[in-house]
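Heads up: the structure comes next, in structure tokens.
Read the numbers this way: they start at 1 and go in the same order the structure lists the ligands and their atoms. Side-chain atoms are counted along with the backbone in the values below, which use heavy atoms only and exclude waters and symmetry mates.
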Amino acid sequence: MIRTRFAPSPTGVLHLGSVRTALFCWLYAKHTQGQFILRIEDTDQERSTRENVDAILEGMTWLGMECDEGPLYQTDRFARYQEIANDWLKSGKAYRCYCTKDQLDEMRNQQKEKGEKTRYNGHCRELTDHSSTKEYVLRFKNPLTGRVIVNDQVRGKVIFENAELDDLVIMRGDGSPTYNFAVVVDDADMQITHVIRGDDHLNNTPRQMNMFSALGVEAPIFAHLPMILGDDGTKLSKRHGAVDIRDYRESGFIPEALLNYLVRLGWSSGNQEVFSIEEMIKLFDLPDINQSASAFSGDKLLWLNQEHMMSTEAESLVSHFKYQLDKIEVDINQGPDLVKVIEAYRERAETFAQMAIACRYCFEDFAEIDPKAAKKQLRPVILEPMLALYVSLTELDEWSSEQISSCINNAASEFGINMGKLGQPLRVAVTGTSASPSIDITLHLIGKARSIERLGRAIEIIKGRAALSL
Ligand code: GLU
């Protein structure tokens, strides 16, 4: 049974990089019918916050990446870390280190002066006298010789010399575990088979593998993901835009599109760009992860978002659309069926935020017609056809797009003008803008009462201009 885990530290919110890691872990578990575990790494109690935990959980829920186990919290497992640390202390796999901060600083300075790599020099490694009452930390006795070979699923074979690694602290003076130690105890206890994470952790891996050996447990398989770059070629960061994954929801993106976008940052399957979640699960596999870093592109994300808006059944998009309408305080009780609006507008919007703004006039009145559009379209020459249209639309019993369309056709042919010549002034009249879906559908969505009333108002504007011979 394959078991993967996503192990965010709540020292920050969920961002694109961490979501990509979570996605790869989740997809691999799904692909192999394994299990996906969510573990909150909150040992750094000073920098971890409840708000960040909530942001992470909320983000994961919105993205639909449900876990099979979790969320598990490292702060609930302190007794377990203590237990292993004590075991190691007794069996000589770990030792007490009494070096003070000043001593460590001095050690580092001396090493720097000699041009050596800075590292703990093993000062307390062989101490036998433990009568000191000084505060101490526990350090892991890393092997002094030999090498650690990481058979990374993305990077291939990476070799580390033990002589390059120092004895890392596993328990701090206050009895809290350090990251590298807690991760190993957890991955072992939780029977994690595959650790998939960012390649900023690759240097931790040999130390962790040595600790798996100390536990007498086989190390999991590792896959270190290449980083994501911004469009300027530097590591993706706050400077490149939205940092909190929830900002993408606020901007009207849908989770499937975001996940589709992220899966392609570092993974590919032929030339395919658009993937449903089911396809991702079916096709995702570790050997197809690229070694090189990939660059973030906002334009491609927008394009994919629209692709998903177009290919997903409108019924299942309603909640995303409603979220955006609520945000701009549109009262949807006074308007058309949301499914119909989505079907009509998705060809012309890349996000639901754009869609909500673009279709607002279907739900509520607008303050004024765009002056440029009014000037161009609401001209005296169109007065007679508009009046005729006003009458025939008012008389319609059935407000269907077919009936509306034939009213417009009839009025246009009665006055010998083509349909566009009448359609555009009508559009300006009922939407206040010069862009909307096809005019019959637009009128249908706006509804009869509102359409007639707006048409009447536009006719008054045209009459005003006619009187002034404008
Ligand atoms: N908690 C670590 C982080 O947020 C991840 C640790 C891991 O995946 O091993 O970077």
Under the ring pair (Phe, Tyr, Trp, His ring centres under 6.0 Å) rule, what do H308 and Y261 come out as? Steps first, then yes or no, please.
CA-CA 11 Å; H308 280 265; Y261 180 70; over 10 Å; no
Atoms of ligand 1, numbered as shown, that sit under 4.0 Å from any heavy atom of [X]:
X    : answer
E41  : 1 (N), 2 (C), 5 (C), 6 (C)
Y179 : 6 (C), 7 (C), 9 (O)
S9   : 1 (N), 2 (C), 3 (C), 4 (O)

Give the residue and atom name of whichever protein heavy atom lies nearest to [atom], and the separation in Å to one decimal.
atom                    : result
atom 10 (O) of ligand 1 : H201 NE2, 2.9 Å
atom 5 (C) of ligand 1  : A7 O, 3.3 Å
atom 8 (O) of ligand 1  : R5 NH1, 2.8 Å

Looking only at side-chain N and O atoms, does Y98 offer a donor or acceptor that is under 3.5 Å from a partner on H123?
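Distance-only check fails for H123 and Y98.
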Would you say the side-chain atoms of D231 pair up with the backbone N or O of A295, donor to acceptor, closer than 3.5 Å?
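Checking the backbone N and O of A295 against the side chain of D231, no donor-acceptor pair under 3.5 Å is found.
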Is F6 in contact with ligand 1, taking contact as a heavy-atom separation below 4.0 Å?
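F6: no contact with ligand 1 (<4.0 Å).
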Ring centroid separation F140 to W88 under 6.0 Å
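Judged by ring-centre distance (under 6.0 Å), F140 and W88 do meet the cut-off.
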Drop me the distance from I245's CD1 to S18's OG, to the nearest 0.5 angstrom.
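One finds 7.0 Å between CD1 of I245 and OG of S18.
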Side chain proximity check, P220 to F212, heavy atoms < 4.5 angstrom:
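The answer is yes, as the side chains (C-beta and beyond) meet within the 4.5 Å cut-off.
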